[in-house]
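In what follows, chains carry the letters A, B, and so on, assigned in the order in which the sequence lines appear, proteins first and then strands, with residues in each chain numbered from 1. Predicted model, so just to flag it, every value in this text is computed and none were measured.
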Amino acid sequence: MAPLYDVETIERKWQERWRQADCFRAVAQADRPKYYLLEMFPYPSGRIHMGHVRNYTIGDVMARYKRMRGYNVLHPMGWDAFGLPAENAAIKHSTHPAAWTYDNIAYMKRQLQRLGFSYDWRRELATCDPDYYRWEQLVFLRMFEKGLVYQKETTVNWCEKCQTVLANEQVIEGTCWRCDRPVVARKMNGWFFRITAYVEELLAGCDRLKGWPEKVLTMQRNWIGKSVGAEIRFAVEGSDEPLTIFTTRPDTIFGATFMSVAPEHPILDRAPAERLDEVRRFAAETRDERQRAKPEEELPKRGVFSGLFAINPFTGDRLPIFAANFVLMEYGTGAVMAVPAHDQRDFEFARAYDLPVKVVIQPAEGRLEPAAMTEAYEGPGVLVDSGAFSGMASEEAKKAITRYAEEQGFGRAQVTYRLRDWGISRQRYWGAPIPIVHCPNCGAVGVPEEDLPVRLPTDVQMDPSGKSPLHSLKAFYQTVCPRCGAAARRETDTMDTFVESSWYFARYTDPAYDQGPVNPEEAAYWLPVDQYIGGVEHAILHLLYARFFTKVLRDLGLLSIDEPFTNLLTQGMVLKDGAKMSKSKGNVVDPDEMVQRYGADTVRLFSLFAAPPERDLEWNNEGVAGAHRFLARLYTFVTEQQDRLAAARSLPERLTAADRQLRRKLHQTIRKVTADMEADFHFNTAISAVMELCNTMTGLAASDTPPSAAVLREAVEAILLLLAPMTPHLCEELWQALGHTTLIAEASWPAFDPEAAREEELTIVVQVNGKLRSRIQISPDTSAQEVERMALADDKIQKFTAGKTVRKVIVVPGKLVNVVVS
RNA sequence: GCCCGGAUGGUGGAACUGGUAGACACAAGGGACUUAAAAUCCCUCGGCCGUAAGGCUGUGCGGGUUCGACUCCCGCUCCGGGCACCA
């Protein structure tokens, strides 16, 4: 289908006018209410995809709407420009990551501009720009000073072929996503952000973020994974050093029949010589097994007796200590007391190795017999066989037993989290250098702030192996210690790219500020972000990191907010043929092609119309054509009557029935669309309301008794204003056609007139026993008694009530009458 | 396994706080205009019965509450997402 009006000319024209008028430039004005609207910035991968189009369209509608409502709107755009794909592309195409990245930025920027998004491009930033990452390095150093950054040796995903660490998400079923070779676990030194120092505040914030989807908050809470319980020390036979375990069920401690520790647990080094080989072999096997296992696979419970025994401090029982494949060194203390009767994993393990099962909790219903149990009972109940604690309810016993352990000095209440510190070291080239120098005398020393930025050298040759050139670039890593002057080695790892995206929203408030990461005055005016919009795939990573970083920047005195994003909208995916668009499936829809064929307004309109924002959107080319036809009808209607409409002045003194009908529909539509915009971003219903209004308008205009020109003009103007945030180019064009000389982008949102919106006549539904039987027309001021009388007198209703007794009549004012008969 | 969502015509989706189910579109079918096509315009469009008027039925399934249930409650089924030996 060819475009039905000259979209190319119209859209280019208005994009140019907006640019000339500079109408999306944001300037802080203390006396005006601000609105900071932000969409997640893109990675410059090459071209924008429909997911971007949808995300940025939703954001643009809100930004334009808020402007029309009188807010001082900040709506910036930039580029999440560091990342591994640039390195891969550079190797593949024999270019430089920077060149590839900046080419992509230029191309994608043109694409975004062609869609008519109302960004303040003056604030554009790219995170690979030294003027951006120098401030990130400064924040890193301040965090280092405060102990919020530290280095430690840890296990990472390493690809031999690519000579690099892979992020968890780059490990596909145990193999490298790029070369398909198995990933190996490797101990490496790396830098960590102490996000766990903020774990309680991050968790508490989840209860206060009223503007976030509950789903995202739940995911964050789960990720943080707070467990309340107790830490208990068990003496180990023949050793001074106790074995410390963490449990959430101290109430079951009398039921412990053995102990399980992670295969890597240090206590195993103390195993008797005759068991040591077997224990070490088991640890090695488990490591391999975990390596090979698919992530979702639950391995059968296996273990090996260490030869060691622990003493239950409550019972004095001698408990064999097993190395077990299901115990994780990274969680809790890497050791657990095993209560097979009341923990499913321990139960399975006990059955597999023929270990005793001791019941210490009896449920309210029934009675547990160890021999008869086929699974553990993990629910609450009453303690039995638990010494002085017998007879207590399990919840009460948790506290009592913990208190007792504390009094006796072998335990205490303890809280454990699933959240780990954030490992930010990447053995990649295309990232922000970590501003550290490793000195043989002084250890890790921060680069002095006056020496920032530590520039990422650009005169490097990319190594086809994927190995970062920084590791072998003497000019980069050879340096001297800033503290003692000794020859030293510069850190050659770069930062995780999630660091850049953790604070970019704050930088937008003054991206050129050269006195620090954030201009305090601008930040004080604009922050926090009032509305943030992006994909739900960032529910944990980016959104949690950004929350963490906000608190860090606050504690460094750089920001004065606690949370970065007041309201969050997670938009659904764009699907084609029921599946996510992908090259391999061949179901990719190219935004450029769509824009060229139908124009930006049509693409925007369809993205908004096809589904509410939070739901997945099925792309449908026929539907796009339909959206285009709607715009074309409006265009034709206005241009055909342009002279009449442009000449029309104030409303006539006496309105005809058609005038009143159109105005009623018009003002009802303004009310409806305003409510949709304010309440829940349901643009799809807002658009359908405007479509109804257009149908009413064109229908009346073509009738024998058309509305007057002035009323038509009022309707057209309102339609244009209501659609302006969604399809801004066409609305500007038609706004001008009506004779306006100012931009609709700078116009005010229309007000609705309740008087004009009021119905002159209401349709009341009449039911008999809840079934629709008739409709009656009444005037809005008819009394309930009168409505009831009219309903009962209605012919059709009489038919259904004849010969029956009317038991009850329910009148819902303005809605319906239900006659109950029997 | 646990935690969230969701299920409405051929399709995408509407339905306020329990009050006309299917708005608005798309597709399909029929018609008008045209030499023809495109574009445009008009009509039909959940299912069953009926020439019609109208009736019955219908929001994943089974119960319940209510004058009245897509909406609330209880019990399931299926689909999507997140987490997952987390002690």
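Distances from the side chain of A:M219 to the nucleotides B:rA14, B:rG82, B:rC26 place B:rG82 closest. Nearest nucleotide to the side chain of A:K301, out of B:rA23, B:rC85, B:rC3: B:rC85.
Comparing the P positions of B:rC26 and B:rC78 gives a spacing of 37 Å, expressed to the nearest Å. For the C1' atoms, the distance from B:rA38 to B:rG47 is 36 Å, rounded to whole Å. Comparing the C1' positions of B:rG13 and B:rG82 gives a spacing of 26 Å, expressed to the nearest Å. A gap of 35 Å separates the P atoms of B:rA69 and B:rG1, to the nearest Å. Nucleotides B:rG31 and B:rA25 are separated by 24 Å at their P atoms, to the nearest Å. For B:rG9 and B:rA27, the C1' atoms lie 12 Å apart once the distance is rounded to whole Å. Annotation: B:rG6 and B:rA15 have their P atoms spaced 13 Å apart (nearest Å). Rounded to whole Å, the separation between the P atoms of B:rC3 and B:rU17 comes to 27 Å.
Within 4.0 Å (heavy atoms only), A:Y417 reaches no atom of the nucleic acid at all. If you check every strand for non-hydrogen atoms under 4.0 Å, A:R633 touches sugar and phosphate atoms only. Here A:V327 lies in heavy-atom contact (under 4.0 Å) with a base. Backbone-only contact: A:F800 has heavy atoms under 4.0 Å from sugar-phosphate atoms and none from a base. Looking at heavy-atom distances under 4.0 Å, A:D346 makes no contact with the nucleic acid at all. Residue contacts for A:R671: at a heavy-atom cut-off of 4.0 Å it reaches no nucleic acid atom on any strand shown.
Pairs passing the salt bridge (charged side-chain N to carboxylate O under 4.0 Å, His left out) check and including a residue from residues 252-268 of chain A, sequence neighbours excluded, read A:E264-A:R290. Listed by first then second residue, pairs satisfying side-chain hydrogen bond (donor to acceptor under 3.5 Å, both in side chains) with a partner in residues 798-814 of chain A read A:R807-A:S822, not counting sequence neighbours.
Atom C1' of nucleotide B:rA87 and atom CG of A:D343 are separated by 6 Å, given to the nearest angstrom. Summarising the geometry, the separation between CD on A:E622 and P on B:rC24 is reported as 21 Å, rounded to the nearest angstrom. We find that CE of A:M691 is positioned 7 Å from C1' of B:rC24, with the value rounded to whole Å. Atom-to-atom, CG of A:L631 to P of B:rC26 comes out at 12 Å; the value is rounded to the nearest Å. Here the C1' atom of nucleotide B:rA27 and the CD atom of A:E618 are 13 Å apart, to the nearest Å. For A:E214 and B:rG6, the CD to P distance is 13 Å, given to the nearest whole Å. Going from atom CZ of A:R418 over to atom P of B:rG82 covers 14 Å, rounded to whole Å.
Taking only side-chain nitrogens and oxygens, A:N695 comes nearer than 4.0 Å to OP1 or OP2 of B:rA25. Within the 4.0 Å cut-off from OP1 or OP2 of B:rA14, at least one side-chain nitrogen or oxygen of A:N684 is found. Using a 4.0 Å cut-off, some side-chain N or O of A:S227 falls inside it from OP1 or OP2 of B:rA87. At B:rG5, none of the side-chain N or O atoms of A:K215 fall inside 4.0 Å of OP1 or OP2 (strictly under the cut-off). Look at A:R773 and you'll find a side-chain N or O under 4.0 angstrom from OP1 or OP2 of B:rC56.
Cation-pi contact between A:R233 and A:F410: absent, since separation from the ring centre below 6.0 Å together with deviation from the ring axis within 45° is not met.
Note on A:K226 versus A:E200: salt bridge recorded, some NZ/NE/NH1/NH2 to OD/OE distance being below 4.0 Å.
Both A:A689 and A:M573 lie close to RNA chain B; mapped to their nearest nucleotides by heavy-atom distance, the more 5′-ward contact belongs to A:A689. Take the nearest nucleotide of RNA chain B for A:V820 and for A:D676: the residue whose nucleotide is more 5' is A:D676.
Ring geometry, A:H628 versus A:Y5: the interplanar angle falls under 30°, so the pair is classed parallel (tilted spans 30 to 60°). Between A:F681 and A:F683, the ring planes are perpendicular. Angles over 60° get that label, and only those under 30° would be called parallel.
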All N/O pairs under 3.5 Å across the protein-nucleotides 17-22 of chain B interface:
residue: B:rU20; atom: O2; partner: A:R775; partner atom: NE; Å: 3.3
residue: B:rU20; atom: O2; partner: A:R775; partner atom: NH2; Å: 2.6

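A:L419 and A:T196 get closest at one heavy-atom pair: O-CG2, 3.5 Å.
The strand RNA chain B forms stems, runs of 3 or more Watson-Crick or G-U wobble pairs with distances below 3.5 Å, at B:1-7 with B:77-83, B:10-12 with B:24-26, B:28-32 with B:40-44, B:46-49 with B:54-57, B:60-64 with B:72-76.
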Using residues 321-331 of chain A as the side-chain source, report each donor-acceptor pair under 3.5 Å to any protein atom, sequence neighbours left out, with the distance given to one decimal.
residue: A:N325; atom: OD1; partner: A:R302; partner atom: N; Å: 2.9
residue: A:N325; atom: ND2; partner: A:P300; partner atom: O; Å: 2.9
residue: A:Y331; atom: OH; partner: A:S227; partner atom: OG; Å: 3.1

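A:H682 contributes no side-chain N or O that, together with a main-chain N or O of A:N684, makes up a donor-acceptor pair within less than 3.5 Å.
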Item to check | Full working for salt bridge (charged side-chain N to carboxylate O under 4.0 Å, His left out) between A:R629 and A:E622 | outcome: CA-CA 10 Å; A:R629 277 197 295 270; A:E622 283 74 37; over 6 Å; no

Next on the checklist: Assess the residue pair A:T669 and A:E692 against the criterion (side chain to side chain donor-acceptor pair (under 3.5 Å)); give the C-alpha distance rounded to whole Å, side-chain angles, the decisive distance to 0.1 Å, and a yes or no.
Outcome noted: CA-CA 9 Å; A:T669 304; A:E692 281 186 57; over 6 Å; no

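Considering only residues two or more places apart in sequence or on other chains, A:E618 meets the side chain to side chain donor-acceptor pair (under 3.5 Å) condition with none of them.
Glycosidic conformation at B:rG9 (O4'-C1'-N9-C4 for purines, O4'-C1'-N1-C2 for pyrimidines): syn, within 90° of 0.
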